[in-house]
Amino acid sequence: MKTKILSLLTVMLLIACKSNAQNNTMKDVKSTLESYIHAGDINDAEKLKHYLHDDFRVVLYDTKKDATSILDKSTYASFIKTKKFGGYKRNINYEAIEFIEEHMATIKVTLTSPSKPTLKNFYSLVKLKNEWLVIQDYVTLVK
């Protein structure tokens, strides 16, 4: 009987530890994404770069033209710096977060701001050297 109770407690402890680790990972991913978005909101290109993978890219889908534009890290950062993009507070509505093993995540959000276009974004993040970085930002204008 003691063995069964000890086994049950051990299993419960392992489940609790895994759940806590998953919660911390979720918090870390959301923190990185929110910091990245906030840096764009305030047009801080230097802060923004900290959250970007070296191979970062933005893929913009234009429904009116049925075409995409791809921006690399330096181009996107320059657009933030020169205020071609960003410069206003956006609200984040998380729709889905999925982890691919321990080092990749995809996040689907809707970004809204009064009197600004609504954006649907699909982010890809990768964990390198214990730090989450945004590697791709796929954006489409909703309205």
Side-chain angles (χ1 to χ4, degrees), residues 1-63 67-143:
M1 183 68 171
K2 286 182 182 181
T3 305
K4 287 183 180 180
I5 292 172
L6 184 57
S7 296
L8 180 61
L9 289 174
T10 301
V11 168
M12 290 174 61
L13 180 62
L14 289 172
I15 290 170
C17 288
K18 185 174 182 178
S19 177
N20 190 37
Q22 288 172 338
N23 286 340
N24 287 340
T25 300
M26 181 74 73
K27 287 179 188 175
D28 291 345
V29 166
K30 282 184 167 183
S31 176
T32 296
L33 184 63
E34 290 166 8
S35 296
Y36 160 73
I37 291 170
H38 177 70
D41 290 353
I42 62 171
N43 289 111
D44 189 337
E46 289 308 310
K47 183 177 179 183
L48 178 93
K49 288 179 190 177
H50 173 78
Y51 302 103
L52 303 181
H53 186 278
D54 289 341
D55 293 321
F56 170 83
R57 69 182 186 166
V58 173
V59 179
L60 300 163
Y61 178 72
D62 185 337
T63 56
T68 57
S69 300
I70 299 175
L71 309 174
D72 64 10
K73 179 180 176 177
S74 63
T75 303
Y76 182 69
S78 73
F79 285 3
I80 292 295
K81 183 177 182 176
T82 60
K83 300 182 181 184
K84 184 172 183 177
F85 289 167
Y88 56 92
K89 172 85 174 108
R90 295 171 289 173
N91 297 309
I92 305 167
N93 179 35
Y94 288 94
E95 296 178 27
I97 299 176
E98 184 177 334
F99 290 92
I100 305 153
E101 299 295 327
E102 296 178 18
H103 292 88
M104 292 198 75
T106 59
I107 304 173
K108 178 182 175 184
V109 304
T110 299
L111 299 176
T112 58
S113 186
S115 74
K116 298 290 182 183
T118 296
L119 304 173
K120 182 77 67 178
N121 292 61
F122 301 86
Y123 297 100
S124 299
L125 283 78
V126 63
K127 187 176 183 182
L128 297 174
K129 298 180 183 173
N130 216 24
E131 182 177 23
W132 286 98
L133 299 170
V134 181
I135 193 164
Q136 180 171 277
D137 181 351
Y138 176 73
V139 183
T140 189
L141 181 67
V142 177
K143 50 180 166 163

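Because the structure is a prediction, the values reported are computed rather than measured. All heavy atoms count here, side chains included; hydrogens, waters and symmetry mates do not.
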Working to the nearest 0.5 Å, report the span between [atom1] of [X] and [atom2] of [Y].
X	Y	atom1	atom2	value
Ile135	Leu128	CD1	CG	7.5 Å
Leu71	Ser78	CG	OG	8.5 Å
Leu119	Leu141	CG	CG	6.0 Å
Thr32	Leu52	OG1	CG	11.0 Å

Only counting residues at least two apart or in another chain, list the ones meeting side chain to side chain donor-acceptor pair (under 3.5 Å) with [X].
X	answer
His103	none
Tyr138	none
Tyr88	none

Qualifying salt bridge (Lys or Arg N to Asp or Glu O under 4.0 Å) pairs, either residue in [range], two or more places apart:
range	answer
residues 127-140	none
residues 38-51	Asp41-Arg90, Glu46-Lys49
residues 70-81	Asp54-Lys73
residues 28-40	none

Exercise. Taking only residues two or more places apart in sequence, or in another chain, which ones meet Tyr51 in a ring-ring contact (aromatic ring centres under 6.0 Å, His included)?
Worked result: none
Could you list the donor-acceptor pairs under 3.5 angstrom formed between side-chain atoms of residues 106-115 and any protein atom two or more places apart in sequence or on another chain?
unit_1, atom_1, unit_2, atom_2, d
Thr110, OG1, Glu95, OE2, 2.1
Thr110, OG1, Lys120, NZ, 3.0
Ser113, OG, Lys89, O, 2.7

Problem set entry | Smallest separation among heavy atoms of Ala45 and Ala77, with atom names | CB-O, 3.5 Å
For this session: Heavy atoms only: give me the nearest Phe85-Asn43 pair and the separation to one decimal.
Result: O-ND2, 2.8 Å
Seminar exercise, completed: Exactly one of Thr68, Asp62, Asn121 clears side-chain contact (heavy atoms from CB on, under 4.5 Å) with Val139, and that residue is Asn121
Would you check if [X] and [Y] make a side-chain contact, meaning some heavy-atom pair closer than 4.5 Å?
X	Y	value
Tyr94	Leu33	yes
Phe99	Met26	yes
Phe56	Leu48	no
Leu133	Tyr36	no
Tyr123	Ile37	yes

